2 protein chains.
Amino acid sequence: MVSVAKTQLDPAVENPAVENPAEETEPVKLGRRRDHTRDPDILAAAVDVLAECGYDGMTIDMVATRAKAGKATLYRRWPSKGELVIDAVACMKNADLNLSQLPDTGTLRGDLIAMIKPHSIEDGEKKLRVIAGLMSLLAHSPELAETARVSVVEPRVTAHRFLLRRAVERGEISPSCDIDNLSTVTTAMASMRILFESKTIDREFLISLIDGVILPAAGLSPGTGTGPVAEPPAPAETAVTAR
Amino acid sequence: MVSVAKTQLDPAVENPAVENPAEETEPVKLGRRRDHTRDPDILAAAVDVLAECGYDGMTIDMVATRAKAGKATLYRRWPSKGELVIDAVACMKNADLNLSQLPDTGTLRGDLIAMIKPHSIEDGEKKLRVIAGLMSLLAHSPELAETARVSVVEPRVTAHRFLLRRAVERGEISPSCDIDNLSTVTTAMASMRILFESKTIDREFLISLIDGVILPAAGLSPGTGTGPVAEPPAPAETAVTAR
DNA sequence: TATATACGATACTGTGGAGTTCCGGATCTT
DNA sequence: AAGATCCGGAACTCCACAGTATCGTATATA
């Protein structure tokens, strides 16, 4: 169940101007052309339904109705429910976490706190609910699992890794820190909270993770302000290049 | 879908000797009696199928066949698929993590490492796969969500919390440590790894969590306990016990 | 022995949803 | 204009599965 996604990714099939000489002959283009401006609406509707009902609870009719489209329209664009879902999950990626317009406050704690934004939290919760809804498929569909990971988990972990590496370069924390694990902790703990405990993520929880886990594990003791108040039990031996 | 579980928990309905005077009249007990020694087999079969196929992929026939039982037998004992699943999830709890026969090596690191057992890892992975298979239901069934949490997450977090508290009482780590978050980190990270990354849990990963996250966050530099230390990128100044 | 229930096995019923087809109308090419 | 394809909408087919009923057999009470 659920095989390969290709729609949305191969403009040659849709664009009349492009023709692959060695490809299967795309004979002509006659009649009314497909309105691709509707694709995002349909995919967004699919994401909404996925978040609410999960994969098995979602029906094509639900998606079509919510997108104010006909069922046949959906099947004209995606060959099956599974492929529609794969595209829907993949299109969740966009979001906001652009590689390097991340906060740069000068301290790791400042950066981590600056990443706490209500919009980002809400967005993350919804995406996690989508993942939860199709989690039973992930074990049997490595492709979907990878798509989900890249869309939801990967961007957040990458952002944290970036901030941690910069803190190392800045000399704020030791290079011997376990960057890989530390950059995953917040996402893992937030996932646990949403998926298993049915709680929501709030600012207080995220700050408790920063001050109670990440910063101490990085060798920093949390200060009250934005600045680093390094006061570990053992004196830090690393080169303290205060920015 | 999926309502209340009561089977297995009310011996009065099954035991001929017990009769509730104000209850519904249990008239008599005639004919062949139900063989309750089969219950565990059926529930175990249900857990197996759940782990492999998820809730929606699981059929009653699969469970009956695997348990070498008849479909009617299952419906004689559980009124619906949903209630069977609730009981199956609840019966995963037993396991091994008895409250206080946990390791006591004298050091936090020793205790945490002593908790790493192949059997426990394998058991945890299977249970997580079960949870993954019915995760889309958890959002709509708080009862099932709580049952799952109590069966899978709660015991492990509680065990870690116990070890951390003992380390505080022992004076090994500071009472100001964020015990609640730290006792959840390992389970959260392991869940992330299995559910999102389709990786397995191994000893190396768990030790890297202990030495890279938990102990540093608790204010301990790794190497004070027994056993090998996870290899950090930078030269460790601690006693290098090359295994 | 007569009666009643549990057992595994199998056949049956009912329903919900994936996927298909057809419709009247709109939009494109030639 | 003619023909082809799109659109939203609705009716349709097909099938898998939850749940029920039945059968021959086994095990219980009275």
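Keep in mind that what you see is a predicted model, and the values were worked out from it rather than measured. To find a chain, count down the sequence lines: A is the first, B the second, and so on, and within it residues start at 1.
Closest approach to the B:I60 side chain among C:dG8, D:dA18, C:dG19 is made by D:dA18 (side chain taken as heavy atoms from C-beta onward).
Residue A:R38 places none of its side-chain N or O atoms closer than 4.0 Å to OP1 or OP2 of D:dC6. Under 4.0 angstrom from either OP1 or OP2 of D:dG8 there lies at least one side-chain N or O belonging to A:T73.
Following rounding to the nearest Å, B:D41 (CG) and C:dG8 (C1') show an atom-to-atom distance of 15 Å. For the pair B:L74 CG and D:dC17 C1', the interatomic distance rounds to 15 Å; values are reported in whole Å. Per the geometry, CG belonging to A:D56 stands 16 Å off C1' belonging to C:dT15, to the nearest Å. With rounding to whole Å, B:H36 atom NE2 is found 13 Å from C:dT5 atom C1'. Following rounding to the nearest Å, B:Y75 (OH) and D:dC17 (P) show an atom-to-atom distance of 12 Å. Spacing between atom OH of B:Y55 and atom C1' of D:dC17 amounts to 12 Å, rounded to whole angstrom units. If you take CZ of B:R34 and P of C:dA4, they are 18 Å apart, rounded to a whole angstrom.
How far CD1 of B:I116 is from CD1 of B:I207: 4.5 Å, rounded to the nearest 0.5 Å. Rounding to the nearest 0.5 Å places CZ of A:R38 at 9.5 Å from CG of A:L74.
When each of A:T59 and B:G70 is assigned the nucleotide of DNA chain C with its nearest heavy atom, B:G70 is the one assigned upstream, toward the 5' end.
Note on A:K68 versus A:D41: no salt bridge recorded, every NZ/NE/NH1/NH2 to OD/OE distance being 4.0 Å or above. Comment: B:D123 engages B:R156 in a salt bridge, judged by a side-chain N to carboxylate O separation of less than 4.0 angstrom. Looking at A:E52 and A:R66, a side-chain N of the basic residue comes within less than 4.0 Å of a carboxylate O on the acidic one, giving a salt bridge.
Among the atoms of the strands shown, none is found under 4.0 Å from any heavy atom of B:M62. Using a 4.0 Å heavy-atom distance criterion, B:D61 is classed as making no nucleic acid contact.
Taking 4.5 Å as the limit, some side-chain heavy atom of B:L134 sits within range of a side-chain heavy atom of B:L137.
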#### Entry: Under 4.0 Å protein heavy-atom contacts per nucleotide of nucleotides 21-30 of chain C, with B for base, S for backbone only and - for none
B---BBBBS-
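Relative to the six-membered ring of B:F205, B:K199 misses at least one condition, a distance below 6.0 Å or an angle of at most 45° to the axis.
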